[in-house]
Chemist: 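Please find one structure pasted underneath; my questions will follow.
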Amino acid sequence: MVPNQITHCSLHVTYLPFTDQIDLGNSNMGGTIPTELGQLTELLALFLVGNRIQGTIPTELALLHKMLYLDLRGFNQELTGSVPDGICELNLLGIFVEKDVQCSCCFEYRY
């Protein structure tokens with residue numbers, strides 16, 4: 001069985017212009033975070049917790065000026081690098097990542 005790939009979600013972002021929340025938590029998703037998510041300018045919350053996401057956090061997420069919550073935690077996440085500075089400059093109420101991801105603006109409660 002081929003695992004779900006979050007990367008394939010990018011093909012359908014244009015059909016979601018007014019989406020304000022995406023919750024794909026614990027959905028057994030793999031792949032990288034699509035840069036196209038930065039086009040969802042009405043997005044308030046992005047929950048990808050508990051998946052198998054790999055790679056870096058795209059700088060395009062900093063285009064989501066209305067975003068309040070970003071949750072990328074999970075025991076199986078394989079994220080690398082750091083949270084882009086532009087994301088830290090957003091007025092987020094909560095940003096959560098794994099302890100392996102460098103983050104100057106994340107809350108202390110991290111996996």
Side-chain angles (χ1 to χ4, degrees):
M1 182 171 100
V2 176
N4 296 331
Q5 296 291 311
I6 192 167
T7 309
H8 296 305
C9 295
S10 64
L11 301 175
H12 304 291
V13 166
T14 55
Y15 298 113
L16 306 170
F18 301 108
T19 299
D20 65 357
Q21 178 175 312
I22 294 178
D23 186 350
L24 295 173
N26 300 305
S27 299
N28 197 31
M29 300 291 274
T32 59
I33 300 172
T35 58
E36 291 85 354
L37 289 177
Q39 298 172 20
L40 299 177
T41 56
E42 299 299 315
L43 200 64
L44 300 175
L46 178 59
F47 300 102
L48 301 177
V49 61
N51 288 293
R52 296 172 289 98
I53 298 170
Q54 58 193 22
T56 59
I57 300 170
T59 57
E60 288 81 359
L61 294 185
L63 299 173
L64 303 174
H65 298 287
K66 295 183 180 181
M67 187 163 57
L68 299 173
Y69 295 98
L70 175 63
D71 196 340
L72 304 175
R73 295 174 290 174
F75 294 113
N76 296 319
Q77 304 285 46
E78 296 179 13
L79 291 171
T80 58
S82 61
V83 173
D85 290 337
I87 293 175
C88 287
E89 293 169 7
L90 296 174
N91 234 357
L92 295 171
L93 296 176
I95 179 169
F96 303 95
V97 295
E98 290 183 34
K99 64 182 177 187
D100 297 336
V101 176
Q102 297 174 13
C103 182
S104 61
C105 61
C106 294
F107 290 88
E108 291 299 315
Y109 179 70
R110 302 196 298 166
Y111 284 98

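Just so it is clear, the model here is predicted, and its values are computed rather than measured. Numbers here are sequence positions counted from 1.
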Chemist: For E42 and T19, what are the C-alpha separation, side-chain angles and deciding distance, and is it a side chain to side chain contact (heavy atoms under 4.5 Å, CB included)?
Modeler: CA-CA 6 Å; E42 299 299 315; T19 299; over 6 Å; no
Chemist: Is any side-chain heavy atom of I22 less than 4.5 Å from a side-chain heavy atom of L40?
Modeler: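 SC-SC contact between I22 and L40 confirmed.
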Chemist: Between L70, V101, V97, which is the residue that forms a side-chain contact (heavy atoms from CB on, under 4.5 Å) with C106?
Modeler: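 For C106, the side-chain contact (heavy atoms from CB on, under 4.5 Å) test succeeds with only one of L70, V101, V97, which is V97.
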Chemist: Which pair of non-hydrogen atoms, one from I57 and one from P84, has the smallest distance, and what is that distance?
Modeler: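 Shortest heavy-atom contact: O-CG, 3.4 Å.
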Chemist: Side chains of Y69 and L44: does their closest heavy-atom pair fall under 4.5 Å?
Modeler: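 No, too far: nothing below the 4.5 Å cut-off.
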Chemist: Is there a donor-acceptor pair closer than 3.5 Å between any side-chain N or O of D20 and the backbone N or O of L43?
Modeler: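 Side chain of D20 to backbone of L43: no pair is present.
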Chemist: For residues Q77 and R52, report the shortest heavy-atom separation together with the two atoms involved.
Modeler: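 What the structure gives for the nearest pair is OE1-N, 3.5 Å.
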Chemist: Evaluate the criterion disulfide bond (SG atoms under 2.5 Å apart) for residue pair C88 and C105; output intermediate values, then yes/no.
Modeler: CA-CA 6 Å; C88 287; C105 61; 2.1 Å; yes
Chemist: Looking at every heavy atom in both G86 and A62, which two are closest together, and how far apart are they?
Modeler: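 Looking at all heavy atoms of both residues, the shortest contact is C-CB, 3.5 Å.
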Chemist: What's the shortest heavy-atom distance between L61 and L37, and which atoms?
Modeler: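 Nearest heavy atoms, L61 then L37: CD2-CB, 3.9 Å.
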Chemist: Grab the two heavy atoms, one from M29 and one from N51, that are nearest each other, plus how far apart they are.
Modeler: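 For M29 and N51, the tightest heavy-atom pair comes out as N-OD1, 2.9 Å.
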Chemist: Taking the side chain as every heavy atom from C-beta outward, state whether L79 and I53 have any pair of such atoms under 4.5 Å apart.
Modeler: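 A side-chain contact under 4.5 Å exists here.
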Chemist: Show, in sequence, the C-alpha distance, side-chain angles and deciding distance for L72 and V83, and conclude whether the side chain to side chain contact (heavy atoms under 4.5 Å, CB included) test is met.
Modeler: CA-CA 11 Å; L72 304 175; V83 173; over 6 Å; no
Chemist: Please check if the number of heavy atoms outside D23 that lie under 6.0 Å from its CG is greater than 12.
Modeler: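 For D23, atom CG is crowded (more than 12 foreign heavy atoms under 6.0 Å).
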Chemist: Considering all heavy atoms of both residues, which atom of L92 and which atom of M67 are nearest to each other, and what is their separation?
Modeler: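 In terms of heavy atoms, the two residues are closest at CD2-O, 3.1 Å.
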Chemist: Do L90 and H65 have side chains that get closer than 4.5 Å, going by heavy atoms?
Modeler: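 The answer is yes; the side chains approach within 4.5 Å.
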